[in-house]
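Okay, so here's the structure we're looking at.
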Amino acid sequence: MATDKNSALPDAFPETAEFWSALRDGRLLVKRCEACGESHFYPRVYCPFCGSARTQWQETSGRGTLYSFSILRKSKPPVAPAVIELEGGVRLISVIRDANVFSLQIGQDVVVHPSEQDGATELAFTTEAAQQARSHAARATASAADVPGFARPDPAAFEKVAVVGAGTMGIGITMALVNSGIATTLIDVDDDSLQRGLSRIREQYEVSVQRKRVSPAQMQERLARITLATNYEAIRDADAVIEAVWEQMSLKKLVFAQIDAHAKAGALLGTNTSGLDVNAIADSTNRPQYVVGLHFFTPAQSMKLLEVVRGRVTSDASISRALSLGLRLGKVPVLVESSPGFAGNRIFGKREAQARALLLEGATPEQVDRVLVEFGMPMGSFELQDMAGGVELLYRRRQSEGGVDWLGDRMFEAGRLGQKAGRGYYRYEAGGRKPIADPEFTAMLQEASHHAGIERRRLSDDEVRERLVMPMINEACKLIEEGVVARPTDIDAVWLHGYGWPAWRGGILHHADQLGAAHVLERLQMLQSRHGDAFMPSSLLMSVAQSGGRFADLPPRAQRAAAFTI
């Protein structure tokens, strides 16, 4: 049962208006009959027990127990249609959503959780543990920009911003800025590039208008905030300048030299990089104290995470201003130090390395992806690689660095580049996005295992999950240990808002606390004994495990400007 929060309620059930209004406020109502005293969950006026029209909505605690359920494994993420018995004995049919449905048990305590699905408010239930995790996720999100030792950010501090580069990231950042009411100058090398970028912005707004997410008037207002320019003179009045050109150090240095020459004194200078050394970019200017990394995630106009990357000499004032800009854009800004992979991609890299290793040992792309989706992730590793063109991106990187990967190189040579090519780790029907198991890739995978001298074996889902998740927890500990981030909640916020970690698991280190540090340590030690030092436990993890403590209780650690080496 659901209703569109923005539309009128169905005429057939006008009596439900009060119910849905309460549900959107987080309250659950049931009907109580004044004639017979029975309560029921039924939208019509008349009591199903005695037929009386003397029924009234009555608020309940929203708590109950699980009477019966089934699991829909193919749902993303899996959910459990269920019968819930509320306190007071009223039973209703609903769904367990935003929880680990594979651990459900009859009689388990559950609590109502209003959920939004495709713009509609839905009556759903979740477990107590998931509710606590969601509360932790909300606290981690709220505290991300409130960094110990820094002035509280003022989101109203920016009036004009310039964006250099009208590619995918540049137009996304431009949209994020104008959506927030900031006048924005978009700069590129020629008019053709700028017009292509503006056309793509206009197309995306038109889609939003069709879907009624913005009005035609709002679209025109936002487009009117954009100014186009082909010269750096146009940045002279900007309060901040954000570079969003191709991820290439030499190019970024050239752009920053021009920004340095034309930006006004005191302007915040941001580089949108997913992994390059912010220190090296800052050194190409005469004002490195104003240079900060602004790692937006794609699509930049809608993804919530913004990694604010501090270089060796970035001033505290510049960091506070960068956090302010993130808040102004409606982002969740998280402060990290400049180091390879920053925080999010460094953890992601550890997971993906294990995903590739699992393929060679005997897993299939379908198994790895299914385990991740059942864990709560929105998408698995290999479906994501196919969608994002990961085969080609990793091949190009290996070519530039002199690396070799037998399977990845064969996939590139065979044209298995992902969705756009109709085949990658999966195959795809023409114009389709649904991944389909491909026997040709299975044969290629078996050959890759033989080439690596690995005898393929059957892996359980539990082993696959452990091999993927435990290194993420361990790497998160190392990030705190090394001062790349200050707090466990910072890592939780990064993965919640940048990588789709389920809020009902709270975050990577909240999940570790639920497992127990001692358990995580024991499993990593076991994995290290079987698979090598990629699973060597971090010093911080060992310390927390030995003390019997929790990551949630760790005090903030001093961050440092890490040496950036690859």
Side-chain angles (χ1 to χ4, degrees), residues 1-2 64-85 92-137 351 354-355 358 363-387 425-426 433-437 458-470 472-473 492 495-497 499-508 510-512 514-515:
M1 183 185 296
T65 56
L66 192 54
Y67 183 80
S68 66
F69 68 95
S70 59
I71 298 174
L72 299 182
R73 287 180 173 269
K74 292 187 178 181
S75 173
K76 284 191 174 183
V79 298
V83 175
I84 309 297
E85 186 165 30
L92 58 89
I93 298 173
S94 186
V95 62
I96 303 292
R97 189 184 295 282
D98 297 335
N100 181 7
V101 296
F102 298 101
S103 67
L104 294 176
Q105 296 180 351
I106 299 298
Q108 183 174 353
D109 290 338
V110 293
V111 61
V112 68
H113 166 60
S115 178
E116 283 194 17
Q117 301 297 318
D118 300 324
T121 301
E122 180 184 57
L123 172 61
F125 282 79
T126 190
T127 63
E128 294 282 3
Q131 190 80 336
Q132 292 169 7
R134 289 178 63 85
S135 296
H136 171 87
R351 190 191 83 179
Q354 286 305 308
L358 287 163
T364 62
E366 300 93 312
Q367 182 186 20
V368 171
D369 288 356
R370 175 175 52 75
V371 167
L372 284 170
V373 170
E374 289 183 356
F375 183 80
M377 301 302 295
M379 187 178 294
S381 291
F382 299 108
E383 185 180 357
L384 177 62
Q385 289 292 323
D386 276 357
M387 184 187 74
Y425 290 96
Y426 299 94
R433 296 184 179 182
K434 181 181 179 180
I436 304 169
R458 184 179 181 86
L459 286 82
S460 70
D461 286 356
D462 287 343
E463 180 179 355
V464 170
R465 184 183 310 106
E466 201 163 67
R467 290 272 298 275
L468 294 168
V469 175
M470 291 299 170
M472 298 172 69
I473 296 173
D492 289 347
W495 266 77
L496 284 161
H497 297 286
Y499 298 85
W501 185 276
W504 52 268
R505 288 196 186 272
I508 291 177
H510 178 83
H511 180 60
Q514 303 313 111
L515 296 174

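Values in this document were obtained by computation on a predicted structure and should not be read as measured data.
Note that the CZ atom of Phe69 and the CD atom of Gln108 stand 8.0 Å from one another [nearest 0.5 Å]. Between the CG atom of Asp98 and the CD atom of Gln131 there is a distance of 9.5 Å, given to the nearest 0.5 Å. Considering CD of Glu383 and CD of Gln385, their distance stands at 11.5 Å, rounded to 0.5 Å. Considering CD1 of Ile96 and CG of Leu72, their distance stands at 12.0 Å, rounded to 0.5 Å. A distance of 9.0 Å separates NE2 of His113 from CZ of Arg97, quoted to the nearest 0.5 Å. Atom OG1 of Thr126 is separated from atom CZ of Arg134 by 7.0 Å, given to the nearest 0.5 angstrom.
Side chain of Asp492 to main chain of Ile508: a donor-acceptor pair is present (N/O by atom type, distance under 3.5 Å, no hydrogens or angles). Using modelled atom types, one side-chain atom of Asp386 and one backbone atom of Tyr425 make a donor-acceptor pair closer than 3.5 Å. Looking at Ser103, its side chain does come within 3.5 Å of a backbone N or O of Asn100 through a donor-acceptor pair.
Taking 4.5 Å as the limit, every side-chain heavy atom of Val110 sits out of range of all side-chain heavy atoms of Thr65. Residues Leu515 and Met470 are in side-chain contact: their nearest non-hydrogen atoms beyond the backbone lie under 4.5 Å apart. Using a 4.5 Å heavy-atom cutoff, the side chains of Arg351 and Met377 are in contact. Proximity of Met472 to Trp501: side-chain heavy atoms (C-beta onward) are separated by under 4.5 Å at one or more points. The closest side-chain heavy-atom distance from Gln367 to Leu358 is not below 4.5 Å.
Nearest heavy atoms, Ala355 versus Phe382: O-CZ, 3.5 Å. Among all heavy-atom pairs drawn from Ala137 and Ala503, the shortest one is CB-O, 4.1 Å. Among all heavy-atom pairs drawn from Trp504 and Gly376, the shortest one is CZ2-CA, 3.8 Å. Minimum heavy-atom separation, Ala133 to Arg505: CB-C, 3.7 Å. Closest approach of Pro77 and Val373 over heavy atoms only: CB-O, 4.0 Å. Shown here for Ala363 and Val368, the closest heavy-atom pair between the two residues is CB-CG2, 4.0 Å.
Counting only N and O atoms by type, the side chains of Tyr426 and Asp369 include a donor and acceptor under 3.5 Å apart.
For the pairing with Val95, the side chain to side chain contact (heavy atoms under 4.5 Å, CB included) check across Ile84, Val79, Val101, Leu123 returns one residue only, Val79.
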Could you walk me through whether Leu384 and Tyr499 pass the side-chain contact (heavy atoms from CB on, under 4.5 Å) check? CA-CA 11 Å; Leu384 177 62; Tyr499 298 85; over 6 Å; no

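For the pair Arg465 and Phe375, the cation-pi test (distance below 6.0 Å, angle within 45°) is failed.
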